[in-house]
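Below, read A as the first sequence line, B as the second, and so on, with proteins coming before strands; counting in each chain starts at 1. Every heavy atom of this structure was used, including side-chain atoms; hydrogens, water molecules and symmetry mates were not. Predicted model, so just to flag it, every value in this text is computed and none were measured.
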Protein chains: 4
Amino acid sequence: MTTEQGRGGRPRSEQARAAVLHAVDDLLLEVGYSAMTMKGIAERAGVSRQTVYRWWSTKAEILFEASAIDAEQELAVRPAGDPVSDLAAYLDALGRFLAESEAGASYRALLGEAQHDAAVAQLLGTKDVIGDSARTVIDRAVPHLMESVPADRAVARLVGPTFFWILSGRSRAELVAQDLAAAFVAEIRADAGPSRGGAGAR
Amino acid sequence: MTTEQGRGGRPRSEQARAAVLHAVDDLLLEVGYSAMTMKGIAERAGVSRQTVYRWWSTKAEILFEASAIDAEQELAVRPAGDPVSDLAAYLDALGRFLAESEAGASYRALLGEAQHDAAVAQLLGTKDVIGDSARTVIDRAVPHLMESVPADRAVARLVGPTFFWILSGRSRAELVAQDLAAAFVAEIRADAGPSRGGAGAR
Amino acid sequence: MTTEQGRGGRPRSEQARAAVLHAVDDLLLEVGYSAMTMKGIAERAGVSRQTVYRWWSTKAEILFEASAIDAEQELAVRPAGDPVSDLAAYLDALGRFLAESEAGASYRALLGEAQHDAAVAQLLGTKDVIGDSARTVIDRAVPHLMESVPADRAVARLVGPTFFWILSGRSRAELVAQDLAAAFVAEIRADAGPSRGGAGAR
Amino acid sequence: MTTEQGRGGRPRSEQARAAVLHAVDDLLLEVGYSAMTMKGIAERAGVSRQTVYRWWSTKAEILFEASAIDAEQELAVRPAGDPVSDLAAYLDALGRFLAESEAGASYRALLGEAQHDAAVAQLLGTKDVIGDSARTVIDRAVPHLMESVPADRAVARLVGPTFFWILSGRSRAELVAQDLAAAFVAEIRADAGPSRGGAGAR
DNA sequence: AATTAATCGAGACGGTACGTCGGGTCTTTAC
DNA sequence: GTAAAGACCCGACGTACCGTCTCGATTAATT
């Protein structure tokens, strides 16, 4: 990543790197994940096959690198006024990301592959795009919640329904982020609230 | 499927069919989904390649046929006494299914493939194993809920967190079905209950 | 080779076999031995790469099969009247074969490869085109010679000069088969002849 | 070749040159000619690939340079007493050279390659190791022969049998240089002698 | 001493062939 | 008509070597 170049040798071509990442993005849309081959990527990028293999082992790795930054940006939502609106905005972004965005298509393809490819699973484990973004939003909307509820569980409760909805092939149109956000808050209060005297109430 | 045999000719070999389905089950565990090939299946089943292609188009189809019945059984839980225990038992079964069961591995593989293969997505759409089982359980534990909340949304809220948890690679050990079930009930009551006379159960 | 077809299975395509052999012949002339690749042969023959590999391991094998019959024919000369003319006719044919014939080009390529590839050397050892033809001619022109001189040595003396001449890159134009044939006979008589009827065996 | 160094610049590394030549010698024995690659030579010599390409175009060139001197030495035999012994000694050296010597292996590899690579053929044409040595020996053993018989033809007659014997894969053990030398002399006398009144008889 | 220029190593680059594998299809004999 | 066997064309796999190209670092002879 850093421009380190261990003394001697021709430096890596930034042009080739960018061309490959773009090629992957394009091909995912045009031919789909499974029809996207290392050979095809190389040809589309106008780069030799060896050069692709020199820097990435699998198409999953390339796709991951190509989409990680976009994914992060798309899941970063600006704070809304109240907690529910804030969460709803996030869930809306999440739905859009998973169902319609290009980076989301990459994410779903990778997560799909991870279900039957340990290497891809491990790759995805290195950067928890959804978990990270969700944690940020939850902490902002419902401060101090993490003190009573493990972060991962709160995340699962928040994003789970939307995640399941999209990945099981249902249409995003019928998703009502507002409802899910409200339900999450209600649920959280019922779970952590009473016993703690309103910790999550703010 | 039906045992119809259009007069004349050698009847389909039931032995071959069973051998193929078993081979698929075995191979999924031994080599994984992506390394499982039509050729490999035929050889493992001791069957000619053409015979496999005659009855199934893709490995996804075979896997689907081989695991659908098991999946249904594993997700059918017997009623417990109270609503929360009932739902918790179901979520527990769901977690076990997704994370540990053989049929669940098939399901995850297929659902993974469905994320980037429209044909598989359509195939999975013909039988909503999780949705069907969840609907049954919800209707049993919280009768009449469907009248105020669309079934699919209720299902998403119930199974979503567990679904996300497993598919995003988290360990089932840290899943507490009891909590999730309780939260679901609380959430449902907060959502549909107050406005309808207070008790959710109605 | 024989049309044996062990019950079941699609029979080998005679068309594909012929196409490959022809392709090899053509390519040797057009691009030369080293630029002739298995891939190129397959493409030129309009045959899949796998099909080529199914029946032959190396281009040397194909070339050998493609040229062996032609070589044999080109080296079979009709008897002339007297011994010297007979041998001269043979040496003339040998020179033409090595220096100008298509089959001869194959032979030289293979013999060349055999100098640094044991597998090719072994392949060539299975059929001694030059040795066989030379033995026949010698036996016809100088009967009973073999009784006093080992066949291989007689062969080497007969064909050696022509063989060296061509393979070391000299022009065939300056070769005088008549002289070589006469010299061979003279030499043989000096070696085995004078004493014939007494010391021939030495 | 000459140590000319066009003013300025780092002088050619004699160490690198020697390392490459040695590497080629070693690799020919260890892996054979065809498995010997420019890349492999560079690595074995501990030299950069570019450095090899800077001074030689092909592995044939390197091999030629590496073995030419050795070849010349091995084919230079000291005069024996009489003509036949002298020629026999040479043919013996030639057999040893072609069949067993390291330089001879290089020569055979190059001559083999020359059969289907014009560039190598031309390269070999620049220095006729066998022809030169044979001419010297013939002139020493049978003076004035060249006046009546073209040198090249005499050479071909002398070395041809041995050359054919080895290159066609026969064992050197069965070669009897003495016989071949005697036959050569007999043949030569029959050919050139009578008509010239004993010019070559000495 | 500073400059110049050709060398050296390292290693990335676009190509091309390697031999193998799986995809589907087709053609044969046997049941 | 199904089954087993196996050849067929196709195209991707990941690797190796090709010959070329930048790099930074040396190493003289020339200023």
Side-chain angles (χ1 to χ4, degrees), chain A residues 5-17 35-43 45-55 57-59, chain B residues 5-13 15-16 34-43 45-55 57-59, chain C residues 5-17 35-43 45-55 57-59, chain D residues 5-13 15-16 35-43 46-55 57-59:
Chain A
Q5 191 197 328
R7 53 181 200 82
R10 181 175 175 171
R12 175 173 184 183
S13 162
E14 177 55 33
Q15 183 187 331
R17 178 179 170 273
M36 180 171 73
T37 67
M38 291 294 260
K39 191 188 184 211
I41 294 167
E43 282 170 1
V47 145
S48 96
R49 222 128 64 82
Q50 184 69 15
T51 296
V52 178
Y53 281 109
R54 191 166 4 243
W55 302 108
S57 298
T58 62
K59 59 179 175 178
Chain B
Q5 189 196 332
R7 66 184 195 78
R10 182 172 176 172
R12 174 174 184 184
S13 162
Q15 184 189 330
S34 37
M36 180 171 72
T37 68
M38 292 294 261
K39 193 187 182 200
I41 293 167
E43 281 169 4
V47 144
S48 101
R49 224 138 49 99
Q50 186 67 1
T51 297
V52 178
Y53 280 110
R54 204 182 333 262
W55 302 107
S57 297
T58 62
K59 60 179 176 178
Chain C
Q5 190 197 330
R7 51 178 205 83
R10 180 175 177 172
R12 174 173 183 183
S13 162
E14 176 55 32
Q15 184 187 331
R17 177 178 171 276
M36 180 171 73
T37 68
M38 290 295 260
K39 192 189 183 211
I41 294 167
E43 283 169 2
V47 144
S48 97
R49 221 127 64 85
Q50 183 69 22
T51 295
V52 178
Y53 281 111
R54 195 176 348 254
W55 302 108
S57 298
T58 62
K59 59 179 176 178
Chain D
Q5 191 194 330
R7 64 182 199 81
R10 180 175 179 173
R12 174 173 185 184
S13 161
Q15 183 188 332
M36 179 170 73
T37 68
M38 291 295 261
K39 193 190 180 200
I41 293 167
E43 283 169 3
V47 146
S48 100
R49 221 127 63 85
Q50 186 69 337
T51 297
V52 178
Y53 280 110
R54 198 174 348 252
W55 303 108
S57 298
T58 63
K59 58 179 176 179

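Side-chain atoms of A:Thr37 lie closest to F:dA12 of the nucleotides F:dA3, E:dC26, F:dA12. The nucleotide whose nearest atom lies closest to any side-chain atom of B:Ser13 is, among F:dA3, F:dC17, F:dC13, F:dA3. Comparing E:dG19, F:dC8, F:dC17 by their nearest atom to the side chain of C:Met38 picks out E:dG19.
In terms of position along DNA chain E, the nucleotide closest to A:Ala16 lies nearer the 5' end than the nucleotide closest to the other residue of the pair A:Ala16 and B:Thr58. Map D:Ser57 and A:Glu43 each onto its nearest nucleotide of DNA chain F; the residue landing nearer the 5' end is A:Glu43.
Annotation for B:Ser57 and B:Met38: closest pair O-CE, 3.6 Å, computed over non-hydrogen atoms. Residue B:Ala42 comes nearest to B:Arg49 through the heavy atom pair CB-CA, 3.8 Å, listed as atom of the first residue, atom of the second, then distance. Considering every non-hydrogen atom in both A:Ala16 and A:Ser13, the closest pair reads N-OG, 3.0 Å.
The side chain of D:Arg54 places an N or O atom within less than 4.0 Å of a non-bridging phosphate oxygen (OP1 or OP2) of E:dC8. In this model, the phosphate group of F:dG6 is not approached by any side-chain N or O of C:Trp55 to a distance below 4.0 Å at OP1 or OP2.
For B:Thr58, the side chain to side chain contact (heavy atoms under 4.5 Å, CB included) partners two or more places apart in sequence, or in a different chain, are B:Ala60, B:Glu61. In terms of the side chain to side chain contact (heavy atoms under 4.5 Å, CB included) criterion, residue partners of B:Thr37 (sequence neighbours excluded) are, by chain and number, B:Lys39. A search for side chain to side chain donor-acceptor pair (under 3.5 Å) contacts involving A:Ser48 returns A:Thr51, not counting sequence neighbours.
Taking the ring axis of B:Trp55 as reference, the NZ or CZ atom of B:Arg12 stays within 45° of it and closer than 6.0 Å to the ring centre.
One interatomic measurement links the two molecules: CD of C:Glu14 to P of E:dT28, which rounds to 14 Å at whole-angstrom precision. The distance from atom CD of D:Gln15 to atom P of F:dT27 is 11 Å, rounded to the nearest whole Å. Put simply, NZ on C:Lys39 is 14 Å from P on F:dC13, counting in whole angstrom units.
With hydrogens and angles left out, the side chain of D:Arg10 and the base of F:dT26 share a donor-acceptor pair within 3.5 Å.
Near DNA chain F, meaning a heavy atom under 4.0 Å away, the residues from residues 46-53 of chain A are A:Arg49, A:Gln50, A:Tyr53.
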